[in-house]
Amino acid sequence: MDMDKLVSLCKRRGFIFPSSEIYGGINGFWDYGPLGVELKRNIKDAWWHDNVHMRDDMVGLDCSIIMHPRVWEASGHVGGFSDPMVDCKDCKGRFRADQVAVVCLHAGQDFADSKREQRFWFSALGDSQQAVAEANGKDYKKAEAKLATHPNGSAARTFYPISASLGQPEYADFPCPTCKKQGTLTEPRAFNLMFESHAGAIADEANKVYLRPETAQGIFANYKNVVDTGRVKTPFGIAQVGKSFRNEINPRNFTFRSREFEQMEIEFFCHPSEAAQWYKYWRDTRFQWYVDHGLRSDKLRLRDHDPDELAFYSKATADIEYSFPFGISELEGIAHRGDYDLSQHQKFSGKDLSYFDEERKERYVPHVIEPSAGADRATLAFLCEAYVEDEVGGEARTVLKFHPRFAPIKAAVFPLVKKDGMPELAEKIYRDLKRQFNVFYDEKGAIGRRYRRQDEAGTPFCLTVDGQSLTDGTITIRDRDTCRQWRIASSGAVQALRDLLEGQPIPSGE
RNA sequence: GCGGGUGUAACUCAAUGGUAGAGUACCUGCCUUCCAAGCAGGCUACGUGGGUUCGAUUCCCAUCACCCGCUCCA
C-alpha cells in the first residue's frame, strides 16, 4: 500500500480534504469530508464508550481550549518553549540558547589545521568567559597550563556566546554544558510550540493566551472539582476528547502530524503504591483495543521507552506504534507521570490537590497514568490497515475493510433494478434501517457498480431487493469482504443487521 | 529547518509560446434480474502572484501546497 493511493482515495471518496483547498491549502491542517467525519466520530465514540461508559472507575470531562496562561507555566509549556532552545542529543538536556556559553582555548599558528593546532573546548550555563572558567575549574586551568608551553605559538581564548555562533563551522565542536560531550547540541530553535492569541479586543502582552497544546492540563486543572463533586475515589480516571494545537515546525505525512489535531486522553489517578501495576494494565489494555479493532498485530507494536529516553518526570512510558507507509510512528503514549502534574499545579496555584483516601486513612497526592491517543492518527492507521486491493471475478477491486463499528455507512440498500416495485420495497427497508443505523440508498446504474462503490466506502453489508423479494418477502444480503450473499426475511432486516454488526459470523456456504 | 521533485477536470495522466485531450468518475435518458456491461447526451481543469513576449498553461522569478530524503518530534 502506498500513501499516494490512500490520499487520492480519501479525496475521491470524501474522507479527507486539504483545509482551505480553494485558496491553495494551508500547511498542517486537514478537513474531514462526509465519510471521514463518520469514520473519525465512530472511532472517538468507540473509545468513549469503551473507556468511560463501560467502566465504573472513569468519568468524562470537556474543558475549554483556552485556559488561564498560568496553567502553561505550571505544565512547563511556557518558558520551556518560548525562548530559543538547544537540545543535547546525547543527554537530552535542554537549555536556553542565551544561557549557554562556550570557550575555546587554542594554540598554534594555523587554526584551520587541526594537526598543528591544539584546542580545548569548554562550555557552561552562563553568559561570560568567567562563568565557563569557573564552571570547569581544574580542567580549565590544566588546559591553560598545557597551552602555555605549546611549541607552535602562544595560547589564545575565543569566547562563543551560543546564539551568535550559528552557522559557524565550530558549532559542531561545541560541548554540552551538562554532559560535556562534543557535537551533540542541536541548532537553537526559537519556536514556541503553542499558538498564541489574545483574550479581549486589544492585543498586548497582558492578555496573551494560548490554544492548548494538549488536553491533559484541563483534566489536572479540574481534578479537584471532579474529586469534590463527582463521588469518585481512587483509583479512578478522567477522560477527555478534544482538539489540541501545536505549531509544528514541519507538519508531514498527510494527517499524521498536523497543527490542529484531536486527542483522546485519560488521566488515571491512583495510590503511589499501585501506580506501577496500573501502568502495566493501561499499557496492555490500550494495545489490545487497537488489535481488537482490526490493526494487524505485525504492523502494530508496543514499545517501552529506554530509561534515558524518558521525560524527566516520567517513571515509565510506552508507545503504541503502527507501521505506516511512511514509517513506524506513534499512535498513543502511555506514561507513568508520578505526581508531577498535580504537584506542579499545587505549586503554581497554591491550592491543595492532595486526596484523602477513606479506606487507607491516608492523605496523598495521587500518581497518574496517562494513556494519550491521537484520534487523527488512529483514524489514519485504521484507514491504512483497511485499504486492500483484491480481485473479484478477475476484476481488480479497492475495498476498505473497516471494523463494522468504525464503518461510516453500516449498510446500503438497493433494488436490483429500477422497476416492478423493487425500489418501493427497498426504500421501505431503507427507512426502517435508517432509524437505527447510518445506511445508504442507491438505485442508479448497474448493481455491480453500486456494490463496488460501497466497497470503497467501507460499507460492510449491502441489502438487495430482487424479483424473489416481491413474492416471498426475502432479500439478499452481501458481505463486503467475501462478496458472499445469502437471503434473509426483509421484515427481519433490522435485527439481522444488528447481529452482523455486533460480530455474528456470516453464514457459511451458499 | 536543509536538499531534491511535483503542481493541467473529482481521480490518474497527455499535449502545447497562439487559451488544452484521454481514461476513469460524476449527471441525464434508454436498456438492464447480482459484482465497475452497453448506447446516446452532458458537466468539470492549466495552484497563486509577478516578469519576459504582440501573445504564457508552456520560458524566468517569487510564493503556496504536496511528495521523497535528511533534520526534528511535546
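We use all heavy atoms of the structure for the numbers below, so side chains are in, but hydrogens, waters and symmetry mates are not. Here is how names work: the chains are called A, B, and so on, in the same order as the sequence lines, proteins then strands, and each is numbered from 1.
Among the atoms of the strands shown, none is found under 4.0 Å from any heavy atom of A:Glu391. Contact annotation for A:Ser8: backbone-only contact, meaning every heavy-atom pair under 4.0 Å involves sugar-phosphate atoms and none involves a base. At the heavy-atom level, A:Glu214 lies nowhere under 4.0 Å from the strands shown. Within 4.0 Å (heavy atoms only), A:Arg377 reaches at least one base atom of the nucleic acid.
Contact detail for A:Phe195 and A:Arg259: the closest heavy-atom pair is CE1-O, 3.8 Å. Summarising the geometry of A:Lys243 relative to A:Thr215, their closest heavy-atom pair is O-CG2, 4.2 Å, with the distance given to 0.1 Å.
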Study note, to complete from the structure: Going 5' to 3' through nucleotides 27-33 of chain B and flagging B where a protein heavy-atom sits under 4.0 Å of the base, S where only the sugar-phosphate is that close, and - otherwise, we get -S---BB

N/O contacts under 3.5 Å, protein versus nucleotides 60-66 of chain B?
from: B:A65; atom 1: OP1; to: A:Asn27; atom 2: N; distance (Å): 3.1
from: B:A65; atom 1: O4'; to: A:Gly24; atom 2: O; distance (Å): 3.2
from: B:C66; atom 1: OP2; to: A:Asn27; atom 2: OD1; distance (Å): 3.4

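Note: A:His403 and A:Phe406 have tilted aromatic rings, judged against thresholds of 30 and 60 degrees for the angle between ring planes.
Side-chain atoms of A:Glu385 and A:Tyr322 include a donor-acceptor pair closer than 3.5 Å.
Within the 4.5 Å cutoff, the side chain of A:Phe382 has heavy atoms near those of the A:Ile43 side chain.
The listed nucleotides are B:C72, B:C68, B:C35; the one nearest the side chain of A:Asn250 is B:C72.
Taking side-chain N and O atoms only, A:Lys11 has a distance below 4.0 Å to OP1 or OP2 of B:C11.
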Point to revise | Under the 3.5 Å Watson-Crick or G-U criterion, the dot-bracket string of RNA chain B, with | for inter-strand pairs | key: (((((((..((((....[..)))).(((((.......)))))....(((((..]....))))))))))))....

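Along RNA chain B, the nucleotide closest to A:Asp4 and the one closest to A:Glu330 are compared, and the more 5′ of them pairs with A:Asp4.
Stacking of A:Arg480 on the aromatic ring of A:Phe461 is not recorded, the 6.0 Å distance cut-off and the 45° axial limit not both being met.
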